[in-house]
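Everything on this sheet refers to the single structure shown next.
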Amino acid sequence: MKKIVVIYLVIISLPGYGQLCLGSLGDPIVNINFGYGSNPGNALAAAATSYVYVPSDCPSDGFYTVRNNTTQCFGNTWHSLPVDHTGNAGGYFMLVNASYQPGDFYVDTVKGLCANTTYEFASWILNLNPPNGCNGNPILPNLTFQVETVNGTIIQSYNTNDIATSASPQWKQYGSFFTSPAAVTAVVLRIRNNAPGGCGNDLALDDITFRPCGPLLIPSITGEPSTIADFCEGISRTYTLSSTVSAGFNNPAYQWQQFINGIWTDIAGANSISHIVNFPASSPVGTYQYRLSVAEGGNLGIQQCRIASSALIIKIKPRPLTSASNNGPLCTGRMLSLSATGGSNYSWTGPTGLTLIGNPYVINTASLADAGKYYVRVTNPDGCSKTDSSSVLIYPSPSAVPAFTDSSICTGTSLILLVNTAPGLAYRWFPTNSLTQADIFNPVAIPAGDTRYAVELTNGFLCKDTAYVNIKVQNKPIVDAGPARYLVAGQSVQLLGSISGNYASFSWFPVQAITNAQTLSPYVSPSMDMTYFLKAISSCGIVTDSVNVKRYMGIFIPNSFTPNGDGWNDTWNIPFLYAYPEFELRVFNRYGQLVYARSKNFEPWDGKYQGQLLSPGVYVYQVKLREAPFFFKGTVTLIR
């Protein structure tokens, strides 16, 4: 059947290689397609030929083979053919290397003809030689097709003339037509090679056909713009098929046929030029083909005498196989997603009256009003539709509302968190590490630092809502009045206060003998030893710290000390040096050796050098200051 369909289409599109039928053709009563299978094909069984069969590719002069392909013959001086003329990779064709002498290379008897009937005989032929073969001058195949009676009387003769070369392989159909004489039901087909042997004259032969030829039949479907009609399953339809028949038959007889299981089958009683076909709604999906076959009156019962129209096609297209679903049940405030399958276009309608084209159908924030049944019309690429549905369940979500959103507390204090209450709600607060209890509506929070608390409410439908509370923890300020300070009468000294953390204001007190009580580093010049306080005020309370200021009446350097461990005068102490933080002190023995030195941070001397007790005696000291009186020098006696 592969040969019949392809030959018919090519005849319609490529008329002109010979005298081919210009009307309508019947089914081939002969279709010599050489078979189908793997290489090589068998030698010809019925036809007579003077050529010798070989099973291999690339036959020599006077030889032929049957192949489904030929490749790189004679150093690529032949075209390579991967398939036969129909494009069927397994279909055979006859591969001929012409003999040196002209003569018949194919003779066969065709039986089963109808008398007084016009037939088209044709074959597909390909010149195997490209234009550059044989030094650019290959011998061209030239064939004669001759139809004879079995006793040798010539009925029709047709010559192909020279078959030209082509740059790429080109199959061409050649043939003619004849009318069978009265009482003649068999003829002889003779194909003769007219060209001489030599370089060239090589060809491939495929699909030799005999087909009834008659008037032109033009079929149509009433009310349809083409010979194809379609509708979707589940619908009942009625179509009227008809055909025009050109002149040619004296008494035409008609028979409508349907293509069933690969065979054109007569429809009982369908013998007029038109035919009505009914498709009830229960008709199965599929492609239904119809055609009108026509023969001369009295010959309709003989298939070989009929011609046939091209097929009228009615397609019952399938409706989509659909499914519809959703992501429910879900809670209000969540995204609702409905999806469907089975088509290429989707149209949704829902309980809210909204319509939407597309898939999936999404409602970003679902409400209780969005619950209910949704319908989707699914349309497939064939244009057939089906409606499906999906029911959506939506439950109410709780609304978590805290008593406040932001609050501030001081370090070490607590706060009661609070969220709305309702019967059946479950509570979960987090983080839990600073809460007294996490599963109640009013836990006590004691955060160590700034904390964002979340509370999740869950109702009986397991729907949830979450609210957030920001608690800012404020620390009490850290106040440092600075180190103890020293001064000599008549001088002033700077206090070194500092405050870290959050505070609203600060001040020093008492304010006697202070330059500015609202600065962290004021200068003071008290007339006696004095304690100053630095006070910081914040929302978390008042914090104070103190510093002692020691006042020396004058400069006094002791001239002796007794480091004997009795608890009296055991160290050499120079108190006023505390008032001069940039001092340098050096002590030398009588040999000028340095035995004690201090700067900036005074510590009383215990009469030792490198941990060893020094001998009693007189030692020389030097004191340098960065301010007046700048320099002191004298002696100190170490007494044991």
With sequence neighbours excluded, residues passing salt bridge (charged side-chain N to carboxylate O under 4.0 Å, His left out) with R237: none
Can you say whether the rings of [X] and [Y] are parallel (under 30°), tilted (30 to 60°) or perpendicular (over 60°)?
X	Y	value
F279	Y290	perpendicular
F259	W264	tilted
F441	Y427	tilted

Backbone N or O of C232 within a donor-acceptor pair of the R319 side chain at under 3.5 Å? no
Between S434 (side chain) and I446 (backbone), is there a donor-acceptor pair under 3.5 Å? no
Without hydrogens or angle criteria, can the side chains of [X] and [Y] be said to hold a donor-acceptor pair below 3.5 Å?
X	Y	result
T341	S323	yes
N31	T209	no
R306	S293	yes
N327	S337	no
S390	S325	no

Could you walk me through whether F533 and F509 satisfy the ring pair (Phe, Tyr, Trp, His ring centres under 6.0 Å) test, starting with their C-alpha distance in whole Å, then the side-chain angles of each, then the deciding distance to 0.1 Å, before giving a yes or no? CA-CA 5 Å; F533 295 89; F509 66 93; 5.2 Å; yes
For residues G333 and T365, report the shortest heavy-atom separation together with the two atoms involved. CA-CG2, 3.7 Å
Any side-chain heavy atom of V245 sitting closer than 4.5 Å to one from Y254? yes
Pairing of D27 and R291 as salt bridge, 4.0 angstrom limit: yes
Going by the side-chain hydrogen bond (donor to acceptor under 3.5 Å, both in side chains) test, which pairs reach into residues 400-412, not counting sequence neighbours? D406-N470, T411-N475
